[in-house]
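So you know, we letter chains A, B, ... as the sequences are listed, proteins then strands, and number each from 1. Source: prediction; values computed, not measured.
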Amino acid sequence: MANRGKDFLRRVVEEDLKSGKYSKIVTRFPPEPNGFPHIGHAKSISINFGIAKEYGGECNLRMDDTNPTTENIEFVEALKDAVEWLGFKWSGDVRYTSDYFPQLYNYAIKLIQMGKAYVDSISEEEIREYRGTVTTAGRRSIYAERSVEENLDLFNRMRNGEFKEGEHVLRAKIDMSSPNMKMRDPLLYRIKRATHFRAGDKWAIYPMYDFAHPLSDYIEGVTHSICTLEFENNRDIYNWLIETLELEPPRPYQYEFARLNINYTVMSKRKILELIEKNVVSGWDDPRLPTIAGLRRRGYTPEAILSFCEQIGVAKANSIVDIAQLEFAIRDDLNPKVPRVMSVFKPLKVTIENYSGFEEINASYYPHDVPKEGSRKLPFSKEIYIEQEDFMENPPKGYYRLTPNQPVRLKYAYIISCEKVIKDESGNIVEIRARYYPNSKSGSDSSGIKVKSAIQWVEANSAKKIEVRLYDRLFKTEIPEGIEDINPNSLKIIENALIEPAVIEDKTNNRFQFERHGYFYRESGERAVFNRIVPLKDSWSKKLQRGRRERVKERRQVEGRVIPMTPEEKILFERYTKEHNLNREVANTLARDNRLSQFYREALQEFNSPIAIANIITNEVARELKVKNLDELKFSPKDIADLVKMLEDETISTKIAKGVFEEMSRSGKEPIRIVEERGLQQINDKSLILSVVKEVIHRNPENLKKFKDGNRRLQGFFIGEVLKATNGKANPKIVNELVIRELNR
RNA sequence: UGGGGUAUCGCCAAGCGGUAAGGCCACGGUUUUUGGUACCGUUAUUCGGGGGUUCGAAUCCCUCUACCCCAUCCA
């Protein structure tokens, strides 16, 4: 964990703290209270609260309650609950966007006064139509030309409830032909005559997400506004608002990460709701659902969920996490924590014919490798039950359990062997008559009998009946489409499972490992019902199935068609390849980009070295030109020419040139001055370099050995070390040559 | 189709021009009174494809491909 690379969010936060952009960071978890939180929310909670905690900042919990028709207090409670259950504490009280409605309204007024917002009065359909499409520009409605006074008046009357829903909206005046659809005069306020669960009927207008969110962040002093990827397009509005309103710094910035997906389940509110409505599951807290309430009822711990969130990391790539990762997290958490007890799901009676009487066996709750104290008494008599699966008359190879000629240990008790198999008239095994070895008792075994395994059991008269609910993945397909993909066996109920009495009598625990079955969680309530949180890993049944499926990989790549060059570009291309001797790729890049070719032309006039200049322009300069205009560059074609000159006369290496270029484009200093001031002239003295090479090789005997053993790529390591030792100034070509020579001596 | 994103092992994911981290899964083995756990080992000559620049490229440049998001008065 020590050297684990930080995720991009933490990197940003660290940089902002270091640069003094903020003295303290503030994040926020801003759900809309319109549904129950699920494990995806847990990821967001873990990120926002986690980062705040890690960097000594704070995290707010804000209900983003701007749509009165979908939200209610029940969801607010569920959300608060989830955050608390996961163990986080929000800063101050819970916040509500609705509490900011007055301030938000004032910002809207300000925008109108600035001429940056207007009341639009065309219909919903017209708005859609006017917006244009992704490929065609939109156009403004005539109402965009209303005066500030008229807008102010109308907006005020909208608030006062003078209009019906849909009659007017407030829009930002941005750009109806923006390539970003979100920027085509986004709606800021709409009329809604609904009772808000907090604000009541006070407001007839409600702010839209794009307006309320950035401003609420700003109002709360949020520094890092972290949301999911689908809001990437909204970032432009976010910034536009804060900049247009000229809000005093410090201001928040938005960052986006990929939302969580897990295979064999569904995460969206819509899909979960469908499962509930169609009675596929029992409700929001059905233990098969990935909701916090469901996970919690299933028996998942907050620790496990948090550690899962840490394991999967934070990035921007859409991905689907394997449910096995979640299962690992809960097993890993529970393994060192919970007591082991014995249970039998499908009982097979075993009568130990040579045992008489009764005894209580003291048994530890924890295995040898869990350093915890605690034990219970296990009743034992001649009548016990074992698992049907733990006896086989005709076992397959590798079967370790009880068979007619293979004894087995009853865990914590004696070794038994099978004497007789009793069957009913249809041939089913109904009972085993067995014999035990009195001197084989656990802890004082002097029998010398070797058994292949120990199995769990319960004593017939003292065992308690419990209901066991075995949950499995909800869907049978990795990426479920809908109800048709439901796993019909996602819930198996065993009504009369047997359990040792201590589990019922001792009420201190509600999570157990049922040995060889899995981890279980007792549902609250009078009846003894246990939910299987997760089964144990089972390499035996895996071995039995042995259905090894080969996955076909092969990803075929189609080569696309390149846009042909224009005639002018073709002429340039011809000249570059024929007269300047540039390679086709470089010539192509240059010819197709007139900014690059212009720059190239000018540099060439300063120093006539076409290939070298073209190379640096198509690579380094092109990079700068990706984010800047020609006139924003801090260096000139002459600077590039000078840089190339130094390269050609071997004053500097390509490696140094890169660094010089970077400084040049940052500070605008002439390359020659940079090299002189920093003493970057390269070292060409072979004997000097050789001594460094020898030194480096001498210092790294283990890597030398690896190299000699065949790891050829370690060459790069040695070159890197030599370069490091000379501050990057040694001529890398010479280093390369010498390293190879010395390494192969 | 315009714009915004993303591609590194079966699944996540580090990596920011100098030895392809780590976790999960899988597969071997050791220990084990759980076919559990723990421990040890194996699993990417290669980073979506193709070119280019460089002594050296997953990292820089060009180009192609695939997938995700945006045209709710939802968030």
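Contact check on A/Lys542 versus A/Asp538 returns no salt bridge, with no Lys/Arg side-chain nitrogen under 4.0 Å from an Asp/Glu carboxylate oxygen. For the pair A/Arg235 and A/Glu232, the salt-bridge criterion is not met [side-chain N within less than 4.0 Å of a carboxylate O]. For the pair A/Glu662 and A/Arg623, the salt-bridge criterion is met [side-chain N within less than 4.0 Å of a carboxylate O]. At a threshold of 4.0 Å, the pair A/Arg128-A/Glu125 does not count as salt-bridged, since none of the basic side-chain nitrogens sits closer than that to a carboxylate oxygen. A/Asp7 and A/Arg10 are joined by a salt bridge, as a carboxylate oxygen and a charged side-chain nitrogen come within less than 4.0 angstrom of each other.
An OP1 or OP2 oxygen of B/C55 is reached within less than 4.0 angstrom by no side-chain nitrogen or oxygen of A/Lys655. In terms of phosphate contacts, A/Asn731 brings no side-chain nitrogen or oxygen within less than 4.0 Å of OP1 or OP2 of B/C55. Between A/Arg235 and B/G4 there is no side-chain N or O to OP1 or OP2 distance below 4.0 Å. Between A/Ser653 and the phosphate of B/C55, there is no side-chain N or O to OP1/OP2 separation shorter than 4.0 Å. Contact between the side-chain N/O atoms of A/Arg592 and the OP1/OP2 oxygens of B/C62 is not found at any separation under 4.0 Å. Look at A/Lys658 and you won't find any side-chain N or O under 4.0 angstrom from OP1 or OP2 of B/U53.
Here the side chain of A/Asp322 pairs no donor or acceptor atom with the backbone of A/Gln325 at under 3.5 angstrom. One N or O on the side chain of A/Gln406 and one on the backbone of A/Tyr400 form a donor-acceptor pair closer than 3.5 Å.
When rounded to the nearest whole Å, the span between CG of A/Asn703 and C1' of B/U19 equals 7 Å. Atom NZ of A/Lys411 and atom P of B/U32 are 14 Å apart (whole Å). In this structure, A/Arg713 places its CZ atom 12 Å from C1' of B/A58, rounding to the nearest Å. Distance A/Asn588 CG to B/C64 P: 10 Å, rounded to the nearest Å. In this entry the distance linking CZ of A/Arg712 with P of B/C55 reads 22 Å, nearest Å. One can place CD1 of A/Ile386 at 13 Å from P of B/G35, the figure rounded to the nearest angstrom. Atom-to-atom, NZ of A/Lys543 to C1' of B/A26 comes out at 14 Å; the value is rounded to the nearest Å. Note: CG (A/Leu647) to C1' (B/U54) measures 10 Å, nearest angstrom.
Nearest nucleotide to the side chain of A/Phe717, out of B/C64, B/U19, B/G18: B/U19. Between B/C60, B/C11, B/G15, one nucleotide has an atom nearer to the side chain of A/Arg11 than all others, and that is B/G15. Checked against B/U1, B/A20, B/C61, the side chain of A/Thr135 finds its nearest nucleotide in B/U1.
Among the heavy atoms of the strands lying under 4.0 Å from A/Arg623 are primed sugar atoms or P, OP1, OP2 only; no base atom is included. Using a 4.0 Å heavy-atom criterion, one finds that A/Tyr206 contacts no nucleic acid atom at all. Within 4.0 Å of A/Leu723, counting heavy atoms only, lies at least one base atom of the nucleic acid.
Using bins of under 30°, 30° to 60° and over 60° for the plane-to-plane angle, the ring pair A/Phe512/A/Phe514 lands in the tilted bin.
Straight-line distance between the C1' atoms of B/G28 and B/G35: roughly 15 Å, to the nearest whole Å. Taking atom P in both B/A14 and B/G48, the straight-line distance is 14 Å, to the nearest Å. If you take atom P in B/G17 and the same atom in B/C60, they sit 8 Å apart, rounded to whole Å. A distance of about 25 Å separates the C1' atoms of B/U34 and B/G23, rounded to the whole Å. Using atom C1' as the reference point in both B/C11 and B/G52, the two lie 34 Å apart (nearest Å).
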Inset, instruction - Could you run through nucleotides 65-75 of chain B and give me one letter per nucleotide, 5' to 3': B if any protein heavy atom sits under 4.0 Å from the base, S if only the sugar-phosphate is that close, - if neither? - result: S--SBSBSBSB
Inset, instruction - Take nucleotides 36-42 of chain B nucleotide by nucleotide from the 5' end and write B, S or -, depending on whether a protein heavy atom sits under 4.0 Å from the base, only from the sugar-phosphate, or from neither. - result: BB-----
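In this structure, B/C55 and B/G18 make a Watson-Crick or G-U wobble pair, each of the two defining distances being under 3.5 angstrom. Checking B/A26 for Watson-Crick or G-U wobble geometry (two distances, each under 3.5 Å) identifies B/U42 as its partner. Base-pair partner of B/G2: B/C70 (Watson-Crick or G-U wobble, both distances under 3.5 Å).
Look at B/U42: its glycosidic torsion is beyond 90° from 0, and that puts it in the anti range.
Residue-environment remark: NZ (A/Lys192) exceeds the threshold of 12 foreign heavy atoms within 6.0 Å.
A/Asp217 and A/Tyr238 form a side-chain donor-acceptor contact under 3.5 Å, judged by distance and modelled atom types alone. With hydrogens and angles left out, the side-chain atoms of A/Glu126 and A/Ser141 include no donor and acceptor closer than 3.5 Å.
Taking A/Tyr96 as the reference, nothing meets the side chain to side chain donor-acceptor pair (under 3.5 Å) condition, with sequence neighbours excluded.
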